[in-house]
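These notes are about the structure you will find just below.
Just so it is clear, the structure is predicted and the values come from calculations on it, not from any experiment. Below, read A as the first sequence line, B as the second, and so on, with proteins coming before strands; counting in each chain starts at 1. The analysis underlying the following values was restricted to heavy atoms, covering all of them including side chains, and did not include hydrogens, waters or symmetry mates.
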Amino acid sequence: MPELPEVEVVRRGLQSQVAGRTTAAVQVLHPRAVRRHAGGGRDLEHRLSGRLLASAERRGKYLWLPLDGGDEALVAHLGMSGQLLVQPPESPDETHLRVRITFADGGGELRFVDQRTFGGLALEPVDADTAAPASVRHIARDPLDPLFDERGFATALRHRRTGVKRALLDQTLVSGIGNIYADEALWRARLHYARPTETLTRPEADRVLRAAREVMAAALAQGGTSFDALYVNVNGASGYFDRSLEAYGRRDEPCSRCGAPIRRDAFMNRSSYTCPRCQPRPRRGRW
DNA sequence: ACTAGAACCTGGCCGC
DNA sequence: TGCGGCCAGGTTCTAG
């Protein structure tokens with residue numbers, strides 16, 4: 001499940017292997033993979049052919065490749081199971097291959113592979129002022145961004161009226177954090193996911209942000225997290241940060257700080273993992 | 001304006 | 001062996 005560290009690994013792969021190359025043909029194999037593209041699959045195939053992909057950018061979990069000229073970009077979101085692979089043209093198609101982009105240099109082709117089809121590609125105009133594509137404009141900066149506003153984040157967090165985990169998952173407040181790193185950050189900060197944001201002290205707000213930054217930086221240093229074969233980077237290699245997770249996916253295993261068994265709760269149609277001793281449930285929590 | 005929850009999607013896995 | 005149901009979860013849409 002790609003979150004910020006995984007997406008950044010993919011961005012680096014794109015920057016080194018795709019940036020600076022000119023596309024030849026584009027083949028859309030599944031309409032849902034391009035549902036965010038205003039003109040549909042045929043339109044994307046035509047407008048993306050013969051274009052220079054200038055660089056690889058990222059904000060939160062969104063990736064984009066600005067085209068030559070700079071007023072358009074190919075935007076990619078991996079969703080839950082999306083992969084961007086650079087493969088030799090002769091290698092067999094992947095089962096869930098959705099979009100194929102070949103290049104004028106005849107080298108490795110860029111393939112968008114996505115089993116669950118939550119992800120997708122789109123060609124979008126780029127806003128001249130922010131240098132961000134249209135669909136990325138509402139996404140907040142992420143904790144690894146040098147321009148991230150820490151004080152502003154802490155203030156905004158404490159003005160929310162919700163549970164702290166919901167707030168961490170809100171990409172308009174802070175981007176890049178998904179279910180896995182939210183649980184890891186909360187474990188590090190010793191906060192329960194249902195803790196009402198309006199009761200957070202400023203030190204607590206600072207602490208959870210610092211924890212999120214630390215766990216994502218550590219994951220990035222190891223090449224991203226992976227739990228199965230769904231996530232691979234642009235070269236096709238899996239990350240392996242899952243060995244370092246302290247809470248997520250560790251139901252009934254002892255907390256490495258205190259030994260209490262990690263518990264799993266259903267929360268927001270997904271799972272939340274907490275240490276019941278280090279992260280006690282607040283008396284009046286917000287779900 | 002803000003918050004909460006459903007919907008989208010496929011394949012692996014489990015129990016029967 | 002097969003089948004129904006559950007689970008994984010990022011984002012968008014809709015309802016309140």
Side-chain angles (χ1 to χ4, degrees), chain A residues 1-8 10 29-38 58-64 75-84 94-99 112-122 124 132-140 142 155-186 193-199 212 216 219 224-232 238-239 242 245 247-252 263-273 284-287:
Chain A
M1 306 102 189
E3 300 184 27
L4 186 153
E6 293 78 19
V7 178
E8 173 59 17
V10 173
L29 299 161
H30 195 301
R32 194 172 146 78
V34 296
R35 67 193 181 285
R36 300 290 167 207
H37 180 76
R58 180 188 61 76
R59 176 174 291 188
K61 302 167 199 170
Y62 281 83
L63 289 165
W64 70 94
V75 179
H77 198 292
L78 302 178
M80 289 179 37
S81 55
Q83 307 169 16
L84 282 167
E94 291 75 10
T95 304
H96 302 293
L97 177 63
R98 308 305 190 194
V99 181
F112 180 68
V113 178
D114 190 7
Q115 177 207 111
R116 288 174 228 181
T117 67
F118 280 96
L121 304 182
E124 297 182 13
S135 66
V136 181
R137 229 164 293 164
H138 68 292
I139 300 296
D142 62 67
T155 300
L157 178 66
R158 296 170 67 220
H159 281 92
R160 289 293 174 99
R161 292 292 179 272
T162 187
V164 63
K165 182 169 175 178
R166 281 185 186 280
L168 291 178
L169 295 176
D170 182 346
Q171 304 296 302
T172 68
L173 185 62
V174 54
S175 70
I177 302 175
N179 200 44
I180 298 170
Y181 295 112
D183 278 4
E184 291 302 299
L186 291 167
Y193 57 82
R195 176 69 179 276
T197 47
E198 68 269 30
T199 70
M216 290 197 293
T225 301
S226 178
F227 295 95
D228 49 39
L230 286 178
Y231 168 72
V232 292
S238 294
D242 54 303
L245 297 179
Y248 187 87
R250 296 194 61 226
R251 169 155 47 175
D252 295 335
R263 68 176 270 154
R264 182 247 182 213
D265 295 326
F267 172 76
M268 287 176 75
N269 283 329
R270 57 207 67 193
S271 296
S272 272
Y273 296 89
R284 295 174 60 241
R286 282 183 182 273
W287 272 240

*Under 4.0 Å protein heavy-atom contact, by nucleotide of nucleotides 10-16 of chain C - B base, S sugar-phosphate only*: BBSS---
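Here the side chain of A:R160 pairs no donor or acceptor atom with the backbone of A:A167 at under 3.5 angstrom.
Regarding A:R116, its CZ atom lies at a distance of 7 Å from the C1' atom of B:dT10, rounded to whole Å. Whole-Å rounding puts the A:E198 CD to B:dC2 C1' distance at 13 Å. When rounded to the nearest whole Å, the span between NZ of A:K165 and P of B:dG5 equals 14 Å. Rounded to whole Å, the distance from CE on A:M268 to P on C:dC7 is 17 Å. Taking atom CG of A:L78 as the reference point, atom C1' of B:dC9 lies 16 Å away to the nearest angstrom. Between A:L97 atom CG and B:dT10 atom P the separation is 16 Å, expressed in whole Å. Per the geometry, CG belonging to A:D170 stands 13 Å off C1' belonging to B:dA1, to the nearest Å.
Terminal axes of the helix from B:dC2-C:dG16 to B:dC16-C:dG2 (five pairs each, C1' rotation axis) are separated by 50°, to the nearest 10°.
A distance of 12.0 Å separates CG in A:L78 from CD in A:E3, rounded to the nearest 0.5 Å. Atom CG of A:L157 is separated from atom CD of A:E198 by 10.0 Å, given to the nearest 0.5 angstrom. Interatomic distance, CZ of A:R137 versus CZ of A:R59, reported as 10.5 Å (0.5 Å rounding). Expressed to the nearest 0.5 Å, how far CZ of A:R250 lies from CD of A:E184 amounts to 8.5 Å.
Relative to the side chain of A:R264, the nucleotides B:dT3, B:dG11, C:dC7 differ in distance, and C:dC7 lies closest.
For the pair A:S271 and C:dA8, the criterion of a side-chain N or O lying under 4.0 Å from OP1 or OP2 is met. OP1 or OP2 of B:dG11 has at least one side-chain nitrogen or oxygen of A:H96 nearer than 4.0 Å.
Residue-to-nucleotide proximity on DNA chain B shows that, of A:T117 and A:R160, the 5′-proximal contact is made by A:R160.
Judged by distance alone, with hydrogens and angles left aside, A:R166 brings no side-chain donor or acceptor close enough to the base of B:dA4 to form a pair under 3.5 Å.
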*Could you go step by step and tell me if A:R264 and A:D252 meet the salt bridge (charged side-chain N to carboxylate O under 4.0 Å, His left out) rule?*
CA-CA 8 Å; A:R264 182 247 182 213; A:D252 295 335; over 6 Å; no
*asked:* The test is salt bridge (charged side-chain N to carboxylate O under 4.0 Å, His left out); show your working for A:R32 and A:D114 and say whether it passes.
replied: CA-CA 10 Å; A:R32 194 172 146 78; A:D114 190 7; over 6 Å; no
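A salt bridge does not link A:D142 to A:K61: none of the charged side-chain nitrogens sits closer than 4.0 Å to a carboxylate oxygen.
Relative ring orientation between A:F267 and A:Y193 is described as tilted, the plane-to-plane angle lying within the 30° to 60° band.
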